[in-house]
Each structure stands twice: as structure tokens, then as C-alpha cells.
Amino acid sequence: MTAQSGEPSEDLPEQMRIRREKRERMLARGVDPYPVEVERTHSLRQLREKYADLETDTRSGESVGITGRVRFIRNTGKLCFAKLVEGDGTEIQAMLSLAEIGEESLAEWKAEVDLGDHVFVHGEVITSKRGELSVLADGWRITSKALRPLPVAHKDLAEETRIRQRYVDLILRPQARDTVRNRAAVVRSLRDTFEEHGYIEVETPMLQALQGGASARPFVTHSNAFDMELFLRIAPELYLKRCVVGGIERVFEINRNFRNEGSDSSHQPEFAMLEFYQAYATYDTMADLTGELIRRAAERVFGTLTVTLADGTEYDLSGQWANLRMYDSLSEALGTEITPDTPAAKLREFADSAGLEFPAHYGHGKLVEELWEHHVGDHLHEPTFVRDMPAETSPLTRQHREDPRLAEKWDLYMRGVEIATGYSELVDPVIERERFEAQRLLAAQGDDEAMPLDEDFLRALEYGMPPSGGVGMGIDRLLMALTGLGIRETILFPQVRPE
RNA sequence: GCGCCGUUAGCUCAAUUGGCAGAGCAGCUGGCUCUUAACCAGCGGGUUCGGGGUUCGAGUCCCUGACGGCGCACCA
């Protein structure tokens with residue numbers, strides 16, 4: 001957008017109009033409100049560290065040039081104060097004294113500098129009579145004139161505004177900045193742990209001709225070059241397994257998945273997913289590695305295995321994490337033995353008496369999972385692996401070595417939320433093809449989450465995939481578990497409906 | 001997608017039974033050389049989310065649309 005004229009619009013709020021007028025006034029004086037470069041000599045953090053011990057009401061004798069956003073301003077007759085803040089939250093006070101900079105410069109400061117402006121201040125490092133580390137200006141200039149007033153600092157911004165205008169949230173709220181740093185540190189820790197375990201990081205297609213690797217509704221897009229429908233991926237699984245076939249025996253990917261479904265306090269249409277696969281590993285191996293990844297991330301980022309959540313409660317990640325078997329724990333919760341042979345009709349009776357309604361096409365496996373989640377999963381607080389799910393709802397999972405009606409699969413729950421899922425992967429191409437055919441039948445019956453048959457993936461398996469373990473872990477949800485924040489806080493810019 | 005609640009100044013929020021639309025901070029003018037949400041004096045600032053209706057009179061009641069929050073459903 002280009003301004004057609006310098007005239008402030010008449011319909012702007014008063015405060016925005018006045019700031020535009022101040023900008024115009026600067027231009028009229030020949031002062032650039034957005035200079036390309038200033039003589040910055042130190043970051044605020046550097047000065048804080050260098051002069052941590054400067055006594056109250058002292059002059060250091062050193063001249064510096066500093067920059068920062070004005071977050072607090074106090075103008076008196078002949079002495080002005082401004083609290084400058086830089087990106088990491090470090091603050092240093094600027095002082096402008098009539099005796100140092102003269103009448104004209106002081107008057108311009110008072111007339112033109114507003115809360116929220118970026119400024120450059122040159123002068124001597126001193127401490128004020130109140131002990132505040134300050135730069136006593138002998139010169140200053142605005143480095144970026146803010147045309148919008150910053151919201152008041154003493155009231156919390158409405159949640160919607162925090163999300164829609166995250167940049168304002170980041171300016172105002174230290175915790176918003178911490179969340180960004182913590183997330184980066186957690187991801188870095190995950191990568192380091194993988195590195196130590198000999199894993200290779202890859203990037204696989206996010207635009208896929210076939211949706212696969214999970215049960216979910218995809219976003220659909222169109223390729224002009226190929227004149228074909230493409231899906232935004234719902235999971236990287238089938239490509240990572242192709243990597244294992246090709247000999248990348250320890251492989252992981254951290255990237256976005258897209259699912260065209262509802263969003264709420266724990267779901268977003270695009271979310272960050274970690275998937276990792278390891279040849280000659282089982283779901284037990286993968287559970288151990290998953291625990292290590294999470295514990296090391298917590299220790300590295302928060303310095304402890306007892307993490308403190310946003311509401312002040314503590315959450316303990318230490319010790320041996322609990323293991324439950326799905327059928328055993330569901331049987332216990334219902335007070336009746338549930339086995340892989342329990343008929344779907346019987347399961348529906350339990351659903352009815354719990355007031356749950358499920359679609360007609362749900363079979364035994366889906367009903368067991370739903371009942372388990374309602375009666376057991378939602379109440380799990382401690383980190384818990386739940387293992388050995390129904391085989392039929394895990395089409396890409398190897399059947400259990402002791403009971404073919406079960407899958408060698410676990411879900412990791414933390415604070416009642418599913419954080420990760422691990423498998424002993426199915427690598428038999430013939431059985432895999434049968435599972436895909438069964439999915440095709442489901443699709444024909446109207447299950448719009450059923451996976452289509454991926455002929456190229458089967459071809460890869462037919463070349464031989466070593467026995468392997470695999471895990472998928474939601475990065476956003478891991479952050480939620482470690483911090484107690486909602487998904488809209490762990491994601492910097494969550495999807496929201498346009499204003 | 002369904003139900004309930006909400007949307008008022010730049011920000012956070014009030015407004016009795018339908019009866020002059022307010023406060024704090026922010027802003028503007030003046031004063032103040034040590035302020036930290038300073039203080040003192042004064043002044044501005046509103047499409048009460050949009051559209052329609054009832055009424056002498058609507059922020060308030062009715063209809064409708066947009067957006068948001070919560071619950072339910074689906075999902076990780």
C-alpha cells in the first residue's frame with residue numbers, strides 16, 4: 001500500500017492521527033522518522049552486564065549509543081525519562097536533561113517521542129539518584145516512529161487480540177516471548193538427542209498425490225503444472241518408511257501436518273509433527289527413546305524434570321512412566337471383562353449407558369478405543385503408555401506377537417492428552433496390501449477418513465523394509481504438556497478466521 | 001455443524017426498569033531536574049460489531065448477519 005498523500009485521514013482515531021502528524025512534522029523539519037542506520041555501540045543487555053555493579057548516582061565516564069522501544073515515558077519540566085526495551089526484554093533508562101541537550105532538543109523529544117517508538121540515544125552511562133542504570137543523553141533520534149498507540153501495559157490484552165496481533169503480545173508480555181524461545185529450545189533438544197542416537201533428519205513431501213499415514217480429512221489443492229489434485233499431507237509416515245526401505249535406518253522429520261478438521265483448545269488445522277523410525281527397533285525400544293526425548297527436552301529447557309505449568313501447578317516427569325494395556329484398563333474401568341472378541345453390539349451397550357453416541361460404521365476396534373478414551377484416557381494425569389490396541393484400527397501396525405487380534409502400538413498420555421503414538425511397524429507387503437484393501441471397503445461405506453491404496457508405497461515395501469519401530473509426536477502438544485499452555489499459545493500464529 | 005454467552009473510546013472495562021454513553025490508563029494543553037501505572041490544573045476522544053424492526057425514546061427489547069468464547073460432536 002502506498003499513501004496517496006501525506007494528509008492524515010480524517011476518520012482515524014485521534015491518537016493515530018496525532019502520531020501521523022508527528023511523523024509529518026519530523027519530515028518537514030528534515031528528520032527521517034525511519035533512518036536506515038544509527039551508531040549503536042552496545043545492546044542493552046551488554047550494558048546491563050557491564051554496569052551491573054555501578055553505584056547509585058554515579059557517572060561511568062563511558063559514552064555509548066543504544067537503541068530500544070520506548071515502553072515507559074515520563075516528562076517533567078527540564079528532565080525526561082524513558083524506559084527503553086530491546087527484544088529479549090532487557091531494559092535501560094534514557095534520561096534527557098535540559099543542561100545536557102539544550103532547550104530545542106528537549107522540546108522536540110517531548111513533542112515527538114511517544115510510547116512504542118523505537119529510539120536511538122547517545123550519551124554517558126550513569127546511574128540515577130534512584131539507582132536506575134541510565135544513559136544520560138547528549139543526542140537522540142527516533143529510529144522508527146510508531147503510528148499506533150501501544151495497548152496499556154497494566155491490563156491483560158484480550159486473548160483474541162493477543163492471537164490476532166501476536167506482535168503486540170510479544171512486545172507487551174514476557175511470557176509470550178518465553179514461549180517462543182522455549183519452543184525453539186525444545187525442538188533443538190529433540191534434534192540433539194536424535195543426533196546422539198545416530199538419526200538423520202529428512203524433509204518429505206507436504207504436497208502429496210495421495211493422503212496417507214493417518215486417518216483424517218485432508219486439505220485439497222491443485223497443481224497447475226501437473227493439472228492434478230494434490231493433498232496437503234496429513235502425515236509423513238509413508239515417505240519416512242520409504243526412507244527406511246532405502247537404508248536410512250534411523251530417520252526423523254519435524255514438520256507441519258494439515259488436517260481439515262475442527263479447531264479447539266488442543267487442535268489446529270496445521271500443527272507441527274515429529275515422526276521417527278528406527279530399523280531393528282520395536283515399540284518397546286521406541287517407548288524408551290520417546291521418554292528420553294521428552295525428559296531431556298524438559299531438563300534442558302526448564303532445568304528440571306518437575307516442570308511448572310502456566311497455572312502454577314507442577315508436573316513430574318521423573319521415575320518410571322506407567323504402562324497400561326488397553327483391554328485390561330478398559331475392563332477394569334467398566335467392571336466387565338472386555339476382550340478382542342467382545343461383540344460390537346455389547347460395546348454399544350456400554351456406550352449407550354455412558355451416554356455416548358457413535359456413528360453406525362464404527363466396529364469393535366473403534367468402539368473399544370472410544371470407550372477407553374472416555375473411561376480411562378481422559379482421566380490419566382501421570383505420563384502413561386497405553387499399549388496393545390485393537391488390530392483393526394491400526395492398518396499400518398504389525399499385529400501383536402502374542403495375540404494377532406491386537407496391534408503392537410502404544411499411545412503416550414500426559415495430563416489426559418495424547419502426546420505421542422508408537423508402533424512396531426507392519427513391514428509385510430502382502431498383509432499391508434490386505435489392510436489397504438480393507439480401508440478401500442471402509443471408504444466405499446462412507447468413511448471419509450479411510451486411507452486410499454498407495455501403490456508406490458507397497459512397491460517400496462515389496463523391496464523389503466527391515467523390522468522397525470516408529471513414533472509420531474505432536475510438537476505443539478509436547479509444548480502444552482511441558483508448559484500447561486493452550487495450543488493457541490504454543491503456536492505463534494494459530495489459524496483464526498480473518499477479521 | 002448444534003446449543004449457550006459475548007462484541008461499548010487507542011487498551012481494559014462500567015452503564016439500575018427502555019430515559020443525558022462513563023471510569024482508569026493512554027492522548028492533547030500548561031506546570032514540575034530523579035520519574036518507575038508520578039503529581040497538579042484544564043481539554044478532547046464514541047457508527048455502543050453490521051443491517052432491519054418495536055417504541056415518544058434502544059447500548060439495553062425483537063429479527064437477521066459477522067466475529068469471538070465456552071459446551072457438545074469430529075480429530076492428534
Side-chain angles (χ1 to χ4, degrees), chain A residues 11-19 21-22 56-57 71-83 91 93-101 106 110-111 114-116 126-134 136 146-165 168 172 213-218 234-235 257-275 355-359 362 366 369-370 373 377 411-414 417-421 447-449 472-478 480-481 486-488 496-499:
Chain A
D11 55 356
L12 281 177
E14 182 190 35
Q15 297 194 43
M16 289 177 58
R17 201 189 68 236
I18 287 167
R19 283 169 183 249
E21 287 166 2
K22 289 178 177 177
T56 294
D57 202 9
R71 282 298 312 281
F72 176 85
I73 201 159
R74 176 104 306 130
N75 295 337
T76 69
K78 300 185 183 64
L79 183 63
C80 296
F81 303 88
K83 185 169 80 184
E91 302 171 353
Q93 176 168 270
M95 293 172 65
L96 293 91
S97 160
L98 177 67
E100 293 288 331
I101 58 165
L106 189 69
K110 288 190 203 176
D114 287 310
L115 281 176
I126 66 164
T127 49
S128 72
K129 288 178 184 169
R130 295 290 174 89
E132 190 80 41
L133 186 61
S134 309
L136 181 60
L147 297 184
R148 287 178 185 270
L150 232 37
V152 292
H154 320 294
K155 293 284 186 179
D156 289 340
L157 213 51
E159 189 190 357
E160 188 184 351
T161 312
R162 290 215 320 265
I163 291 167
R164 286 187 186 273
Q165 301 185 45
V168 176
L172 294 177
S215 299
R217 293 204 295 276
I234 57 174
N257 287 351
F258 306 86
R259 299 192 183 175
N260 204 343
E261 286 156 356
S263 74
D264 59 28
S265 58
S266 61
H267 296 84
Q268 271 281 303
E270 59 179 301
F271 59 101
M273 190 74 176
L274 161 66
E275 286 201 14
L356 302 170
E357 282 182 41
F358 299 121
Y362 277 20
K366 194 76 177 160
E369 288 188 353
E370 294 289 345
E373 191 165 325
D411 284 349
L412 172 62
Y413 276 71
M414 294 173 70
V417 178
E418 190 185 331
I419 299 296
T421 306
D447 186 344
D448 53 5
E449 294 179 354
M473 179 157 70
I475 298 291
D476 316 289
R477 290 200 164 177
L478 174 60
M480 290 163 66
I487 200 167
R488 291 191 193 83
V496 287
R497 213 178 284 269
E499 287 175 78

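To find a chain, count down the sequence lines: A is the first, B the second, and so on, and within it residues start at 1.
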Asker: For A/Gly77, is there any backbone N or O sitting under 3.5 Å from a side-chain donor or acceptor partner on A/Lys110?
Answerer: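 Here the side-chain-to-backbone pair exists.
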Asker: Between protein and nucleotides 8-11 of chain B, what N or O pairs are separated by less than 3.5 Å?
Answerer:
residue	atom	partner	partner atom	Å
B/G10	N9	A/Gln15	NE2	3.4
B/G10	N7	A/Gln15	NE2	3.4

Asker: Rounding to an integer number of Å, can you tell me how far A/Asn260 CG sits from B/G1 P?
Answerer: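 In whole Å, B/G1 P and A/Asn260 CG are 12 Å from each other.
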Asker: Starting at CZ of A/Phe81 and ending at C1' of B/C32, how long is that distance when rounded to a whole Å?
Answerer: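 Computing the A/Phe81:CZ to B/C32:C1' distance gives 11 Å.
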Asker: Which part of the nucleic acid does A/Glu132 contact within heavy-atom distance under 4.0 Å: base, sugar-phosphate only, or nothing?
Answerer: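 Base: the residue A/Glu132, judged by heavy atoms under 4.0 Å, touches a nucleobase.
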Asker: Could you check which of B/U33, B/G27, B/C74 has an atom nearest any side-chain atom of A/Glu261?
Answerer: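 Shortest atom-to-atom distance from the side chain points to B/C74.
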Asker: Is A/Asn260 close to A/Pro218 at the side-chain level, that is, under 4.5 Å between some pair of heavy atoms?
Answerer: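 Contact flag for A/Pro218/A/Asn260 side chains = no.
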Asker: Looking only at the side chain of A/Phe271 (C-beta and beyond, no hydrogens), which of the listed nucleotides B/G69, B/A76, B/A26 gets closest?
Answerer: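 So the side chain of A/Phe271 is nearest to B/A76.
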Asker: For A/Arg71 versus A/Leu172, what's the shortest heavy-atom pair and its separation?
Answerer: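 Scanning both residues, the minimum pair turns out to be NH2-CD2, 3.7 Å.
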Asker: Under the 3.5 angstrom rule, does the side chain of A/Asn75 hit a backbone N or O of A/Cys80 as a donor-acceptor pair?
Answerer: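 Checked: no pair found.
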Asker: Distances under 3.5 Å between protein N/O atoms and the N/O atoms of nucleotides 39-42 of chain B, please, pair by pair.
Answerer:
none

Asker: Looking only at atom C1', what distance separates B/U64 and B/G27, rounded to whole Å?
Answerer: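 The answer is 38 Å between these two C1' atoms.
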Asker: Closest approach to the side chain of A/Thr76, judged atom by atom: which nucleotide of B/A38, B/G68, B/A76 is it?
Answerer: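 Between B/A38, B/G68, B/A76, the one nearest the side chain of A/Thr76 would be B/A38.
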Asker: Treating A/Gln268 as the side-chain partner and A/Arg488 as the backbone partner, does any N or O pair qualify as donor plus acceptor under 3.5 Å?
Answerer: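 Here the side-chain-to-backbone pair does not exist.
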Asker: Give a yes or no on whether the backbone of A/Asp57 and the side-chain of A/Thr127 come within a donor-acceptor separation of less than 3.5 Å.
Answerer: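 Yes, the answer is positive, given that a donor and an acceptor are paired below the 3.5 Å cut-off.
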Asker: Counting any heavy atom closer than 4.0 Å, what does A/Arg497 reach on the DNA or RNA strands: base, sugar-phosphate only, or nothing?
Answerer: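 The residue A/Arg497 makes sugar-phosphate contact but no base contact.
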Asker: Base, sugar-phosphate, or nothing: which does A/Ile18 touch, judged by heavy atoms less than 4.0 Å apart?
Answerer: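 Result for A/Ile18 = sugar-phosphate.
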Asker: Could you check how far CD1 of A/Ile101 sits from P of B/U33, rounded to whole Å?
Answerer: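 From A/Ile101 CD1 to B/U33 P: 14 Å.
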Asker: Looking across every strand, which nucleic acid part, if any, lies under 4.0 Å from A/Glu370 by heavy atom: base, sugar-phosphate, or nothing?
Answerer: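 Sugar-phosphate: the residue A/Glu370, judged by heavy atoms under 4.0 Å, touches backbone atoms but no base.
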Asker: How far apart are the closest heavy atoms of A/Met16 and A/Pro149, and which atoms are they?
Answerer: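 Result for this residue pair: CG-CD, 3.8 Å.
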Asker: Taking CD from A/Glu159 and C1' from B/U7, how many angstroms apart are they, rounded to a whole number?
Answerer: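 After rounding, the reported distance stands at 15 Å.
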Asker: Inspect the surroundings of NZ in A/Lys155 and state if more than 12 heavy atoms from other residues, nucleotides or ligands are less than 6.0 Å away.
Answerer: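 Not more than 12 within 6.0 Å, no.
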Asker: For A/Arg71, which contact category applies under a 4.0 Å heavy-atom criterion: base, sugar-phosphate, or nothing?
Answerer: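 The residue A/Arg71 makes no contact with any strand.
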Asker: Provide the distance between the two P atoms, one in B/A23 and one in B/A14, to the nearest whole Å.
Answerer: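 To the nearest whole Å, 16 Å.
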Asker: Any donor-acceptor pair under 3.5 Å linking the side chain of A/Arg477 with the backbone of A/Ile419?
Answerer: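 Absent.
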Asker: Just call it for A/Lys110: base, sugar-phosphate, or nothing, with non-hydrogen atoms closer than 4.0 Å on any strand.
Answerer: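 The residue A/Lys110 makes no contact with any strand.
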Asker: Could you state the atom-to-atom distance from CE of A/Met414 to C1' of B/A76 in whole Å?
Answerer: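 From A/Met414 CE to B/A76 C1': 15 Å.
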Asker: Within this structure, what is the CE-to-C1' distance between A/Met473 and B/A76, rounded to whole angstrom?
Answerer: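 Roughly 13 Å, once rounded to whole Å.
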Asker: Does A/Lys22 use its side chain to pair, donor to acceptor, with the backbone of A/Leu147 at less than 3.5 Å?
Answerer: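 Side chain of A/Lys22 to backbone of A/Leu147: no pair is present.
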Asker: Check every atom of B/G27, B/C67, B/U36 against the side chain of A/Arg164 and return the nucleotide holding the closest atom.
Answerer: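 Shortest atom-to-atom distance from the side chain points to B/C67.
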Asker: Is there a Watson-Crick or G-U wobble partner for B/G3 with both distances under 3.5 Å, and if so, which one is it?
Answerer: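 In the structure as shown, B/G3 has B/C70 as its Watson-Crick or wobble partner.
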Asker: Heavy atoms only, 4.0 Å cut-off, all strands: where does A/Met95 land among base, sugar-phosphate and nothing?
Answerer: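 Base contact.
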Asker: Could you work out which one of B/C74, B/A76, B/C67 sits closest to the side chain of A/Tyr362?
Answerer: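 My answer, after comparing the listed nucleotides, is B/C74.
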